[in-house]
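Below, each value reflects all heavy atoms present in this structure, side chains not excepted, and no hydrogens, waters or symmetry copies.
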Amino acid sequence: MRLAPGETVGSYRLIRLIGQGGMGEVYEAEHTGLRKRMALKVFTADGAKADFLRKRFLAEGRILARLDHPRLVKVHDLGLDERRDMPYFAMDLVAGADGSPWTLERWRLERKPDESAIAAVYDDMRKGLEYLHAQGVVHRDIKLENVLIDSMGRAVLSDFGVSRIFDEGLRRDLSVTVTFAADKAPIMGSFGYLAPELKDGEPATPASDAYALGVLVFRLLTGVWYENDSAAMDLLAGFDERWTALLTQLLAEDPSKRLPLPVFVLRSPVVGRNLRARRNRLKTQIAIVLGLIAVVLGVCLYFGSRPRHYDFDEFFPPDEEVLQ
């Protein structure tokens with residue numbers, strides 16, 4: 001079901017369609033009471049699997065409502081449009097500097113990011129995933145299209161529609177045991193990002209998210225998909241050598257070798273030169289100040305050490321009567 005701009009869903013007036021997927025559509029919308037712009041995800045699936053997908057849609061909303069991290073999209077409202085029997089949830093509207101949504105794929109193609117920008121995206125994703133995994137959730141569909149770039153250039157992970165809850169307590173709290181409990185989970189995710197163990201029918205884990213993150217970074221750097229062969233890392237020869245170590249870990253065949261996600265910070269040469277220039281200017285300024293202080297102290301010591309000759313007549317004028 002395609003909705004039109006100007007229609008209302010619950011307390012939200014639709015402005016424009018900004019995304020769509022297997023379970024629903026995402027609109028830029030405005031809360032009619034608060035006058036606040038949000039991203040509104042509405043459930044529009046139908047067919048034989050509609051009931052199953054509806055449960056998963058609601059589970060996605062509940063998962064995101066429980067999470068609170070700047071690198072993950074945040075859900076603020078979950079409701080049902082009774083006229084259409086349509087579930088929806090409202091979340092942060094993550095938009096670029098031009099006001100429109102920027103996926104990481106669009107950012108890659110249009111901005112041609114350098115190594116330092118890619119390293120910043122990796123660091124944002126690392127922080128978001130570390131928090132997510134600590135909450136007992138695996139994203140299970142990390143890809144360029146599911147990462148948004150905000151107006152400050154920071155990466156925000158979105159679309160938790162196929163996420164897997166591996167924490168038993170959280171599964172019970174969210175009442176989605178049937179949806180997420182299978183030990184041999186069906187293969188879910190996007191082609192090209194799947195870790196080797198997922199293809200063998202093993203359940204998704206934080207390590208499989210790490211593998212997908214490695215594929216994402218590899219594609220940002222090289223522009224091609226990662227292929228598990230001996231020549232793949234040769235494509236990194238023209239980049240900073242630390243990328244090879246990072247991606248060798250993230251893309252390891254053995255899941256136990258992928259975690260924890262390593263910290264990786266890379267400064268661009270321009271940033272490095274600017275920092276060095278500022279440091280040199282600061283050193284020069286400090287030297288000048290110290291030099292002036294030394295001159296002032298020297299002058300004070302010089303005049304303070306000179307013997308003074310006092311004219312006692314100035315302080316004790318002669319008594320005229322005595323002198324007469």
- Item | Any side-chain heavy-atom pair of L251 and N228 under 4.5 Å | no
- Task: Could you name each residue pair satisfying ring pair (Phe, Tyr, Trp, His ring centres under 6.0 Å) that touches residues 238-257, not counting sequence neighbours?
- Result: W243-F264
- Common cluster, V224/V215, ILVMFWY with side-chain heavy-atom separation under 4.5 Å: yes
- Apply the test salt bridge (charged side-chain N to carboxylate O under 4.0 Å, His left out) to residues R35 and E30: give CA-CA distance (whole Å), side-chain angles for both, the deciding distance (0.1 Å), then the verdict. CA-CA 6 Å; R35 302 296 183 187; E30 183 179 70; 3.6 Å; yes
- Exercise: identify the closest heavy-atom pair between A39 and V26: CB-CG1, 4.2 Å
- Item | Connected via hydrophobic side-chain network under 4.5 Å: M91 and L80 | no
- Message: For a quick check under 3.5 Å, do T44 and R84 share a side-chain donor-acceptor pair by atom type?
- Response: no
- Note on the structure: Here the gap from Y122 atom OH to L266 atom CG, rounded to the nearest 0.5 Å, amounts to 12.5 Å
- So, F89 versus F57, ring centres under 6.0 angstrom or not? yes
- Task: Show your reasoning for whether side chain to side chain contact (heavy atoms under 4.5 Å, CB included) applies to E7 and R13.
- Result: CA-CA 6 Å; E7 291 190 66; R13 180 179 59 83; over 6 Å; no
- Task: List for me each residue that meets side chain to side chain donor-acceptor pair (under 3.5 Å) alongside E82, sequence neighbours excluded, and say none if there are none.
- Result: none
- Full working for side chain to side chain contact (heavy atoms under 4.5 Å, CB included) between Y88 and L78: CA-CA 6 Å; Y88 64 85; L78 178 65; over 6 Å; no
- Message: Keeping D124 on the side-chain end and R71 on the backbone end, is there a donor-acceptor pair under 3.5 Å?
- Response: no
- Can the ring centres of Y193 and W225 be said to be less than 6.0 Å apart? yes
- Should L14 and L17 be counted in the same cluster of Ile, Leu, Val, Met, Phe, Trp and Tyr side chains packed under 4.5 Å apart? yes
- What about V121 and M152, same hydrophobic cluster or not, with Ile/Leu/Val/Met/Phe/Trp/Tyr joined at side-chain heavy-atom distances under 4.5 Å? no
- Donor-acceptor pair, side chain of D200 and main chain of E202, under 3.5 angstrom: no
- Query: With a 4.5 Å limit on heavy-atom distance, are the side chains of L250 and Y211 in contact?
  - Reply: no
- Query: Is there a side-chain contact between E60 and D159, using heavy atoms and a 4.5 Å cut-off?
  - Reply: yes
- Task: Search all heavy atoms of G128 against all heavy atoms of L72 and return the closest pair with its distance.
- Result: O-CD2, 3.9 Å
- Task: Could you grab the distance from atom OG of S100 to atom CD of E28, nearest 0.5 Å is fine?
- Result: 9.5 Å
- Task: Using atom types as modelled and distance alone, determine if a side-chain donor or acceptor of D150 lies under 3.5 Å from a backbone N or O of R154.
- Result: yes
- When you measure from the side chain of T32 to the backbone N and O of S11, does any donor-acceptor pair fall under 3.5 Å? yes
- Item | Spatial distance of atom NZ (K143) from atom CZ (R219) [nearest 0.5 Å] | 12.5 Å
- For V73, does its backbone N or O pair with a side-chain atom of D92 as donor and acceptor, under 3.5 Å? no
- Closest heavy-atom pair, L53 versus A45, reported as atoms and distance to 0.1 Å, is CD1-CB, 3.9 Å
- Query: Run the side chain to side chain contact (heavy atoms under 4.5 Å, CB included) check on E25 and K41 step by step: do they pass?
  - Reply: CA-CA 6 Å; E25 298 168 346; K41 188 167 186 176; over 6 Å; no
- Output yes when a side-chain donor or acceptor of T248 lies under 3.5 Å from a complementary backbone atom of T244, and no otherwise. yes
- Item | Gap separating the CG atom of L148 from the CG atom of L104, nearest 0.5 angstrom | 9.0 Å
- Task: Kindly determine whether D51 and R54 satisfy salt bridge (charged side-chain N to carboxylate O under 4.0 Å, His left out), including the steps that lead there.
- Result: CA-CA 5 Å; D51 288 341; R54 186 185 180 104; over 6 Å; no
- Message: Quick check: do L216 and I142 have side-chain heavy atoms less than 4.5 Å from each other?
- Response: yes
- Check for a donor-acceptor pair, side chain of K74 on one end and backbone N or O of A65 on the other, with a separation under 3.5 Å. yes
- Query: Transitively linked via ILVMFWY side-chain contacts under 4.5 Å: L109 with L144?
  - Reply: no
- Message: Are R37 and I15 packed together at the side-chain level, in the sense that at least one heavy-atom pair is separated by less than 4.5 angstrom?
- Response: yes
- Message: Working note: R106 + D98, criterion salt bridge (charged side-chain N to carboxylate O under 4.0 Å, His left out); need CA distance, chi angles, decisive distance, verdict.
- Response: CA-CA 13 Å; R106 179 186 175 189; D98 62 354; 3.4 Å; yes
- Message: I'd like to check M125 versus L157 (side-chain heavy atoms, cut-off strictly below 4.5 Å). Are they in contact?
- Response: yes
- Message: Would you compute the distance between atom OG1 of T205 and atom CZ of R140 and round it to the nearest 0.5 angstrom?
- Response: 11.0 Å
- Message: Let me confirm one number: the CG-CG distance from D209 to L213, rounded to the nearest 0.5 Å.
- Response: 8.5 Å
- Query: For L236 and L221, what are the C-alpha separation, side-chain angles and deciding distance, and is it a side chain to side chain contact (heavy atoms under 4.5 Å, CB included)?
  - Reply: CA-CA 8 Å; L236 301 174; L221 285 170; 4.0 Å; yes
- Query: Hey, is the main chain of A207 close enough, under 3.5 Å, to the side chain of R258 for a donor-acceptor pair?
  - Reply: yes
- Taking C-beta and beyond as the side chain, do D141 and F160 meet within less than 4.5 Å on heavy atoms? no
- Query: If we only count heavy atoms from C-beta on, is the W102 to V94 side-chain gap below 4.5 Å?
  - Reply: no
- Message: Using modelled atom types and a 3.5 Å cut-off, is there a donor and acceptor pairing between side-chain atoms of S158 and backbone atoms of N146?
- Response: yes
- Task: For Y27 and L3, indicate whether the former's side chain and the latter's backbone hold a donor-acceptor pair under 3.5 Å.
- Result: yes
- Query: For E130 and L261, which heavy atoms make the closest approach, and how far apart are they?
  - Reply: OE2-O, 3.7 Å
- Message: Restricting to non-hydrogen atoms, name the atom on P262 and the atom on Q249 that form the minimum distance, rounded to 0.1 Å.
- Response: CD-NE2, 3.5 Å
- For the student: nearest non-hydrogen atoms of D68 and Y131, plus distance: N-OH, 2.9 Å
